[in-house]
Every structure is written in C-alpha cells, then in structure tokens.
2 protein chains.
Amino acid sequence: MARTREFDLDAAVSAAMDVFRSKGYEGTSMRDLSEATGLGSGSIYAAFGSKDGLYLAVLDLYRQRYATPMVDLLRSGNDPRAVIREVFIGTVDDITGDGRHLSCLIVGASMERAHQDVRVAERLRSTTQSLELALYDLLAEAQLRGQITTDRSATDLAGFLVTSLQGLRVMGAINPDRAALTRYAEVALTCLD
Amino acid sequence: MARTREFDLDAAVSAAMDVFRSKGYEGTSMRDLSEATGLGSGSIYAAFGSKDGLYLAVLDLYRQRYATPMVDLLRSGNDPRAVIREVFIGTVDDITGDGRHLSCLIVGASMERAHQDVRVAERLRSTTQSLELALYDLLAEAQLRGQITTDRSATDLAGFLVTSLQGLRVMGAINPDRAALTRYAEVALTCLD
DNA sequence: CACTATCTGGAACGATCGACAAAGTACCGC
DNA sequence: GCGGTACTTTGTCGATCGTTCCAGATAGTG
C-alpha cells in the first residue's frame with residue numbers, strides 16, 4: 001500500500017522500559033521517551049496512542065521478558081528446591097546486576113500506578129497470580145512427594161515466596177548489597193523445610 | 001516578636017503525607033498540596049523551602065509515626081516472638097486498614113525517589129537499619145535463650161524479616177487481601193523456628 | 001516513473017508545573 | 001496605640017507537561 005514503519009517497535013518499547021524503570025511513570029516525560037527511543041513524539045503517539053499506552057506496552061514486555069521465563073522455569077519439571085532457589089538467585093542478580101539502578105517495574109507500578117489505572121492493576125494481579133500459580137503447582141507436587149514441609153498449605157507458601165521476591169526488590173532499591181540479599185533469600189527458602 | 005504562624009505545621013505535613021502516599025512524589029503537584037493542607041503555596045515555600053523540603057518533612061513524620069513505634073515495641077522487653085508477630089500483624093493492619101489505598105511511603109520512596117535524591121536515600125537506609133538493628137538485638141538475645149533457631153545468624157534473620165515486611169507492603173498494594181497477607185506473614189515467622 | 005498512502009520529525013498548542021515576589025494582614029513588644 | 005515583623009494571600013513567572021497537527025520524506029503500487 002504505502003510506506004512501511006521504519007523503526008523496531010520492540011526496541012522502542014525496550015528503550016522506554018529503561019527510562020520508566022529509572023525515573024518512574026510520572027517522572028518520565030515524553031521528551032525523555034523521544035530521546036530514549038530515538039522517535040519523534042508523533043511516531044510514538046501513532047504507535048501507542050498515549051503515554052499510558054506506551055507504559056502498558058512496556059509493562060507487557062516486562063512481563064514477557066521476566067515473569068514468563070520465571071514461570072517456565074518453575075514448570076520445567078526440575079527439582080522444586082533447585083528451581084525455586086534459581087528464581088531467587090536470578091532475582092537477586094537482576095537487582096544487583098548492573099549499576100544502572102533500574103528498579104523493578106512491577107513494584108514501581110504497584111506503588112505508583114496500580115491505584116490510578118485499572119489496566120495496570122489488572123496486569124499486576126495477573127502477573128503475580130500466574131507466578132503464584134506456578135509456584136503452587138510445583139509446591140503441591142513437592143508436598144505429595146515429601147520434599148518440602150506440609151505444615152503450611154502450598155497456597156500460603158507460594159504467596160509467601162512471591163512476597164519475599166517483592167521484598168527483595170524493595171530492599172535492593174534501598175541498599176543493593178548482593179551478599180546480604182542472597183542471605184535473606186536463603187532464609188526465605190528455609191520456610192520450605 | 002511578630003505574627004505567629006496560624007497553621008499547625010504537623011497537621012500540614014500529615015495532610016501532605018496522605019497526598020504523597022496516594023499519588024506519589026511526581027504525581028503530586030503543589031496545587032494538590034495547597035488544597036490538602038489548606039495553605040497557599042507561598043506559605044508552603046516559606047515553611048519548607050520547596051516541594052522536596054516538604055517531602056523530606058513528610059518522610060521524617062512517617063518515620064516518627066510508624067517506624068519509631070515499631071522499634072520501641074521491639075525494644076519493649078516483651079516476648080520476642082510475640083512482639084515480632086505484633087509488628088507483622090500491625091503492618092498488615094496498616095496496609096488493609098482503611099479503603100483509601102495509601103501505599104507505604106517508605107516503599108514508594110524507595111522506588112521513586114531513592115535514586116534521585118540522596119537525602120531520601122539516606123533516610124530510607126537509616127530507617128531500615130534502625131529497624132534491622134532493633135530486630136537483631138531482640139533476635140540475638142532470643143538465640144542465647146534458646147527461644148528461636150540458631151541455624152541462621154541474627155543478622156540474616158533480622159534482614160529477612162524486614163524484607164518480608166517490605167514484601168507485604170507491595171503485595172498489599174497489588175491485592176489488599178487481609179487474610180492472605182496474614183497467612184504470608186505467618187509463614188515468614190516460621191523462619192524463626 | 002508517477003502517484004499516494006503512510007510514516008517521520010519537529011513546531012506549536014493550551015494547560016499545568018514548581019517557584020517566587022509583592023501586597024495585605026494579624027500579632028508582638030514597647 | 002504604634003511600629004515593626006513575620007505570616008498569609010494572590011497573582012504571575014518561565015519552563016515544561018502531554019498532546020496534536022502539519023509539512024516533508026519515503027516506500028510500495030500500478
């Protein structure tokens with residue numbers, strides 16, 4: 001028909017994600033987003049409709065990039081304790097990985113956007129629940145096999161583990177001490193005993 | 001000397017706190033703060049110097065109102081498990097208390113402001129550390145008395161508990177389910193066994 | 001090759017941002 | 001009661017906000 005879109009949509013969303021993660025939603029201006037993506041504001045509005053639209057796209061990419069692999073790992077069929085530990089270590093790595101101080105988009109969105117935008121709130125609940133569900137299935141199976149404690153229900157244990165992951169994100173933002181965070185994660189894992 | 005200040009400084013800071021908690025730092029405008037406090041913007045600038053100044057005052061009041069009582073409770077000399085449980089239950093109550101969806105200022109500040117303003121970062125670290133320290137003293141004493149596990153150091157246990165508290169704040173923002181949060185808190189407490 | 005539908009970057013919009021100065025007002029010590 | 005001082009109010013500043021629109025550029029169609 002006519003001219004095709006020139007830029008890579010995913011790359012633009014990815015660049016926008018870094019900005020939102022470091023400056024928050026309100027703290028990020030369209031100017032910031034233009035510079036980060038290399039796009040004119042016109043192109044952004046044509047592609048995403050609004051700042052909110054772009055933010056939602058960023059949120060979806062974040063889910064796809066971080067939450068989905070975690071769920072896949074939990075459902076991989078490997079040893080329950082091993083994969084859960086791997087998820088925790090991976091989270092600590094992600095927090096302390098680079099020096100760019102990119103906070104967790106999920107936690108940030110929970111604090112800043114969940115109460116303002118129902119679409120954000122839905123996505124957050126959906127992401128958390130799919131993670132909890134994957135943990136639940138894994139833990140329930142492990143309980144049947146006698147690999148972990150049955151003192152607490154798999155539901156509670158799953159919810160607790162997600163809570164701990166969120167807590168690690170917050171602690172990492174306050175003090176990104178990899179060794180300390182790892183030790184806190186280890187303590188959390190002892191709840192499975 | 002001269003005309004006395006007409007408004008209650010603490011009341012103004014308290015009103016501003018509610019706004020910051022519900023809208024975040026960047027999401028709150030001076031107009032919002034004027035309406036909430038009932039003060040003209042001129043008065044706010046005379047009293048606090050800037051929006052940042054007011055935010056720091058809010059942060060200090062939040063510490064004084066929530067963190068300090070927690071530390072006092074932990075140092076009250078009562079049974080370690082009982083006071084720790086009380087701190088957790090109190091946190092869950094605070095999260096699910098009213099329907100106004102006021103998120104935790106500490107967590108919000110960690111996500112939104114810690115990387116932008118060193119004075120905020122300092123206050124956050126100081127608050128967390130005083131809470132960790134109070135927990136440490138309590139736990140170390142409890143370990144000597146054989147009241148809790150010695151499998152993990154008191155330092156790690158204290159850090160883990162603070163991590164869990166932060167996690168509960170995040171989970172509460174995503175889904176303020178009091179019963180679920182309480183069960184997650186219970187699981188966290190089993191780490192002391 | 002000409003046409004045209006679409007994309008692009010940037011200018012410009014009204015609104016609102018944080019901040020401030022000037023003017024008015026109420027209180028103090030004298 | 002008076003002068004002076006500090007506080008409050010009001011209006012406004014330039015900058016920046018998110019958004020829209022437009023003119024030019026470009027790639028696909030016939």
Side-chain angles (χ1 to χ4, degrees), chain A residues 1-59 105 108-109 112-113 115-120, chain B residues 1-59 105 108-109 112-113 115-120:
Chain A
M1 289 289 190
R3 181 177 180 181
T4 54
R5 174 177 285 140
E6 285 183 3
F7 63 91
D8 180 358
L9 247 171
D10 274 356
V13 177
S14 182
M17 185 165 77
D18 286 352
V19 185
F20 279 127
R21 286 183 70 179
S22 82
K23 296 189 160 193
Y25 176 80
E26 294 285 357
T28 300
S29 69
M30 288 304 298
R31 194 163 180 275
D32 295 328
L33 294 170
S34 276
E35 289 176 1
T37 59
L39 302 176
S41 53
S43 303
I44 295 180
Y45 276 88
F48 304 101
S50 66
K51 185 185 177 185
D52 292 78
L54 176 53
Y55 188 76
L56 291 177
V58 164
L59 214 50
L105 201 66
E112 200 182 354
R113 299 294 301 158
H115 302 151
Q116 324 261 351
D117 188 332
V118 292
R119 294 168 302 174
V120 171
Chain B
M1 285 290 192
R3 181 177 179 180
T4 52
R5 173 175 285 141
E6 285 184 1
F7 64 92
D8 180 357
L9 246 171
D10 275 355
V13 177
S14 182
M17 185 165 77
D18 286 352
V19 185
F20 279 128
R21 286 183 68 177
S22 81
K23 296 189 159 197
Y25 176 79
E26 294 285 357
T28 301
S29 69
M30 288 303 298
R31 193 162 182 276
D32 295 328
L33 295 170
S34 277
E35 290 175 0
T37 59
L39 302 176
S41 57
S43 302
I44 296 181
Y45 277 89
F48 303 102
S50 66
K51 185 185 177 184
D52 292 77
L54 176 52
Y55 188 76
L56 291 177
V58 164
L59 214 51
L105 200 67
E112 199 182 353
R113 297 296 300 160
H115 302 152
Q116 323 262 352
D117 188 333
V118 292
R119 292 168 303 174
V120 171

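Naming: A, B, ... by sequence-line order, numbering from 1 per chain. Note that these values count all heavy atoms, side chains included, but never hydrogens, waters or copies made by symmetry.
- In terms of heavy atoms, A:Ser50 sits closest to A:Tyr45 at CA-CE2, 3.6 Å.
- The shortest distance between the side-chain N/O atoms of A:Ser43 and the OP1/OP2 oxygens of C:dT8 is below 4.0 Å.
- Heavy-atom nearest nucleotides on DNA chain D were determined for B:Gly42 and for A:Gly42, and the one closer to the 5' end corresponds to B:Gly42.
- Rounded to an integer number of Å, the gap from B:Leu54 CG to C:dA19 C1' is 14 Å.
- B:Tyr55 and B:Phe20 have perpendicular rings, their planes meeting at more than 60° on a 0 to 90° scale where under 30° would count as parallel.
- Across all non-hydrogen atoms, the minimal contact from B:Glu26 to B:Arg113 is OE2-NH1, 4.0 Å.
- In plain terms, the two heavy atoms of A:Leu105 and A:Val58 that are nearest each other are CD2-CG1, 3.5 Å.
- When the P atom of D:dC17 is taken as reference, atom NZ of B:Lys51 falls 12 Å away, rounded to whole Å.
- Less than 4.0 Å separates DNA chain D from at least one heavy atom of each of the following residues of residues 21-35 of chain A: A:Thr28, A:Ser29, A:Met30.
- In this structure, the CZ atom of A:Phe48 is 11 Å from the P atom of C:dT8, given to the nearest Å.
- A pairwise comparison of heavy atoms in A:Gly27 and A:Asp32 identifies O-OD2, 3.8 Å as the closest pair.
- Taking every heavy atom of both residues into account, A:Ser41 and A:Ser34 meet most closely at N-OG, 3.6 Å.
- Separating the OH atom of B:Tyr45 from the C1' atom of C:dA21 is a distance of 13 Å, rounded to the nearest angstrom.
- Rounded to whole Å, the distance from CD1 on A:Ile44 to P on C:dG9 is 10 Å.
- Closest to the side chain of B:Ser41, out of D:dG11, C:dG9, D:dT20, is D:dG11.
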